[in-house]
Amino acid sequence: TDYKPLDEISVWTPTAGGSQPTDYKRNEKLDQKISLYNGDITKLEIDAIVNAANNTLLGGGGVDGAIHRAAGPMLKKECASLNGCKTGEAKITCGYRLPAKYVIHTVGPIAQGGVGEEEKNALRSCYRNSLETATENGARSVAFPCISTGIYGYPSERAVHEALKTVRDYLDAHHDKLDRVIFCVFLPKDQKLYEENLPLYFPAA
Ligand code: ADP
């Protein structure tokens, strides 16, 4: 099997650096809970993977298509019973043939018309509501793809800040409820963006 179990997904190690100052202070407990993983999210053997879905929840392209292909047809059947999902909200299903126990489906904002407050807040809501849905269901390890930055056109270099800020804020308030949050990057440019920006939100001492 080419699955990646949680204990093989390395913890991100904080390094000094980052391009701009932030207010975040070092928190060693949180450092142990963050991973950067480059690869296919459907291979992760963890409690929950997040799907960047669309409002119908009936499947689509990109990571959504990959998750539905790997999970098998029962996933679509369960999704069809959920009455869709509003932008910024999240709904949970079983993982079926995936090694992950659950899939948390969230719908990112469509940003092809540009990014305003509404899109920014919706993207933050995706991360926050996905983490809330995970913890409400007892999922302690959660992996995120780069929501909205593919077909939905949200600029990656802006999305990374919303992702990191929202996860940091959630962990500051609820770190006892989660063991690991994994940022799953799929493109070299996203790997680079996360490596550059993780130190701003999870800084070294
Ligand atoms: P959206 O419609 O929200 O923009 P996309 O699926 O088009 O969602 O893209 C979101 C991100 O998911 C992109 O960075 C894309 O490269 C990435 N991606 C595509 N397939 C996978 C996969 N199998 N695992 C992880 N990330 C993936």
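Just follow the structure's listing: the first ligand is 1, and inside any ligand the first atom is 1. These numbers come from the heavy atoms of this one structure, side chains and all, not from hydrogens, waters or symmetry mates. Counting from 1, the numbers follow the sequence of the chain as shown.
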Does the salt bridge (charged side-chain N to carboxylate O under 4.0 Å, His left out) test come out yes or no for E162 and R158, once each step is laid out? CA-CA 7 Å; E162 308 311 336; R158 297 183 63 179; over 6 Å; no
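Taking the six-membered ring wherever Trp is involved, the centroid distance between the rings of H175 and Y170 does not fall below 6.0 Å.
Counting only N and O atoms by type, the side chains of S156 and K189 include a donor and acceptor under 3.5 Å apart.
Proximity of L131 to V181: side-chain heavy atoms (C-beta onward) are separated by under 4.5 Å at one or more points.
Each of W12, Y194, Y24, F183 was scored for a ring pair (Phe, Tyr, Trp, His ring centres under 6.0 Å) with Y201, with one residue passing: Y24.
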Give the table of side-chain donor-acceptor pairs shorter than 3.5 Å for residues 67-79, with sequence neighbours excluded, one pair per line with atom names and distance.
from, atom 1, to, atom 2, distance (Å)
E78, OE1, C94, N, 3.2
E78, OE1, Y96, OH, 2.6

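Residues lining ligand 1 at a heavy-atom distance below 4.0 Å are given as G39, D40, I41, A52, G62, V63, A66, C146, S148, T149, G150, I151, Y152, C184, F186, L187, D190, ordered by chain and residue number.
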